[in-house]
Amino acid sequence: MSKDTMPILREQDVVPFRNRVREYSTKIGMSLVNQTKLITAASELVRNMLKYAGGGQVKLEIISKNAQTGVRLIFEDKGPGIADIKLAMQDGFTTGKSLGLGLPGAKRLVNEFDIVSKLSEGTTVTITHWKNVR
């Protein structure tokens with residue numbers, strides 16, 4: 001299986017990152033609709049990482065489980081962390097100047113979503129999108 005890590009330190013890193021996510025999803029034969037969902041969620045999460053944590057890194061990997069193949073992305077930052085994850089996952093909540101749809105919107109676009117955060121230590125968001133699961 002393929003595996004890679006990309007540092008995301010500035011806005012210019014976003015396009016190459018999106019292209020790498022597309023490469024991974026194309027490699028496993030993911031449909032265009034599912035590719036679009038995964039890339040949209042990944043773009044939102046990577047922009048959040050830049051905006052709120054000053055950057056971080058993303059681990060990309062192709063995984064298999066129960067005869068399914070998918071792409072897993074792990075976003076890790078050393079930012080200030082999220083004080084209230086439950087509140088942050090509600091539509092409309094924001095600490096910046098945005099619509100507050102990033103985290104909950106990303107969750108709705110992928111098959112699996114997990115977030116772990118510790119104040120002053122950082123945040124890790126893991127998303128998985130399976131090849132043929134809506």
Side-chain angles (χ1 to χ4, degrees):
M1 291 288 132
S2 297
K3 201 171 191 176
D4 198 3
T5 299
M6 291 186 71
I8 305 293
L9 305 174
R10 53 199 171 112
E11 188 68 29
Q12 292 88 335
D13 296 331
V14 173
V15 172
F17 166 70
R18 288 172 51 101
N19 290 339
R20 187 73 54 88
V21 173
R22 183 178 312 279
E23 287 173 25
Y24 272 61
S25 55
T26 301
K27 188 174 186 175
I28 64 169
M30 187 179 284
S31 71
L32 185 58
V33 170
N34 281 335
Q35 284 183 41
T36 303
K37 288 179 179 181
L38 178 61
I39 292 168
T40 301
S43 296
E44 187 62 39
L45 294 171
V46 81
R47 290 190 192 284
N48 275 358
M49 196 165 62
L50 282 169
K51 183 175 182 178
Y52 297 105
Q57 68 176 17
V58 183
K59 294 178 182 171
L60 305 94
E61 61 182 330
I62 294 174
I63 60 170
S64 291
K65 179 177 154 187
N66 300 331
Q68 276 287 344
T69 303
V71 176
R72 177 182 290 150
L73 305 174
I74 303 171
F75 301 78
E76 300 173 319
D77 71 59
K78 301 290 183 195
I82 300 171
D84 187 337
I85 291 175
K86 187 175 178 182
L87 184 61
M89 292 304 298
Q90 293 180 1
D91 284 334
F93 175 79
T94 182
T95 57
K97 295 176 181 174
S98 68
L99 297 175
L101 299 172
L103 287 174
K107 183 178 180 180
R108 285 190 289 268
L109 289 169
V110 296
N111 300 125
E112 296 176 19
F113 182 98
D114 183 59
I115 183 168
V116 176
S117 188
K118 290 185 178 178
L119 289 178
S120 303
E121 292 184 26
T123 301
T124 300
V125 178
T126 303
I127 62 173
T128 301
H129 206 63
W130 300 104
K131 176 181 168 183
N132 295 319
V133 177
R134 291 181 182 200

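Along the sequence shown, residues are numbered consecutively beginning with 1.
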Engineer: Looking at I82 and A88, what are the two nearest heavy atoms and their distance?
Structural biologist: CG2-CB, 3.7 Å
Engineer: Spell out, yes or no, whether I85 and I74 are grouped together once hydrophobic residues are joined by side-chain heavy atoms under 4.5 Å, including indirect joins.
Structural biologist: no
Engineer: The criterion is salt bridge (charged side-chain N to carboxylate O under 4.0 Å, His left out); which residues satisfy it with R18, sequence neighbours excluded?
Structural biologist: none
Engineer: Could you state the interatomic distance from CZ (F75) to CD1 (I8), rounded to the nearest 0.5 Å?
Structural biologist: 8.0 Å
Engineer: If you round to the nearest 0.5 Å, how far is CG of L60 from OG1 of T5?
Structural biologist: 7.5 Å
Engineer: Could you list the residues that satisfy salt bridge (charged side-chain N to carboxylate O under 4.0 Å, His left out) with R72, not counting sequence neighbours?
Structural biologist: E61
Engineer: Restricting to side chain to side chain contact (heavy atoms under 4.5 Å, CB included), what partner residues turn up for K86, sequence neighbours left out?
Structural biologist: D84
Engineer: Atom CG in D13, atom CZ in R10: separation rounded to 0.5 Å?
Structural biologist: 5.0 Å
Engineer: Restricting to non-hydrogen atoms, name the atom on S25 and the atom on L38 that form the minimum distance, rounded to 0.1 Å.
Structural biologist: CB-CD2, 4.4 Å
Engineer: Listed by chain and number, what are the side chain to side chain donor-acceptor pair (under 3.5 Å) partners of T126, not counting sequence neighbours?
Structural biologist: none
Engineer: Within this structure, what is the NZ-NZ distance for the pair K118 and K78, rounded to the nearest 0.5 Å?
Structural biologist: 10.5 Å
Engineer: Suppose we screen for side chain to side chain donor-acceptor pair (under 3.5 Å). Which residues come up paired with Q57, at least two apart in sequence or across chains?
Structural biologist: E76
Engineer: When you compare the side chain of V46 with that of M49, does any pair of heavy atoms fall below 4.5 Å?
Structural biologist: yes
Engineer: Got a second to check how far L45's CG is from L50's CG, nearest 0.5 Å?
Structural biologist: 11.5 Å
Engineer: Run through V71, L73, N34 and flag the one making a side chain to side chain contact (heavy atoms under 4.5 Å, CB included) with H129.
Structural biologist: N34
Engineer: Measure across A42 and V21 and return the closest heavy-atom pair with its distance rounded to 0.1 Å.
Structural biologist: CB-CG2, 4.4 Å
Engineer: How far does CD of E44 sit from CG of L109, to the nearest 0.5 angstrom?
Structural biologist: 9.5 Å
Engineer: Under the rule for side chain to side chain contact (heavy atoms under 4.5 Å, CB included), what residues qualify as partners of L32, not counting sequence neighbours?
Structural biologist: Q35, T36
Engineer: Which pair of non-hydrogen atoms, one from I28 and one from G70, has the smallest distance, and what is that distance?
Structural biologist: CD1-CA, 3.8 Å
Engineer: Could you tell me which non-hydrogen atom of K131 sits nearest to which non-hydrogen atom of G29, and how far apart they are?
Structural biologist: CE-O, 3.6 Å
Engineer: I'd like to check the side chain to side chain donor-acceptor pair (under 3.5 Å) partners of T123; sequence neighbours left out, ordered by chain and number.
Structural biologist: S117
Engineer: Using the test side chain to side chain contact (heavy atoms under 4.5 Å, CB included), find all partners of E112 that sit at least two apart in sequence or belong to another chain.
Structural biologist: K65, T128, W130
Engineer: Applying side chain to side chain donor-acceptor pair (under 3.5 Å), can you list everything that pairs with Q68, at least two apart in sequence or on another chain?
Structural biologist: none
Engineer: Which residues pass the salt bridge (charged side-chain N to carboxylate O under 4.0 Å, His left out) test with E121, not counting sequence neighbours?
Structural biologist: none
Engineer: So which heavy atom on D77 is nearest to which on G55, and how close?
Structural biologist: CB-O, 3.4 Å
Engineer: According to side chain to side chain contact (heavy atoms under 4.5 Å, CB included), who are the partners of V33, at least two apart in sequence or on a separate chain?
Structural biologist: S31, K37
Engineer: Please check if M6 and Y24 belong to a single hydrophobic cluster, counting links between Ile, Leu, Val, Met, Phe, Trp and Tyr side chain heavy atoms closer than 4.5 Å.
Structural biologist: yes
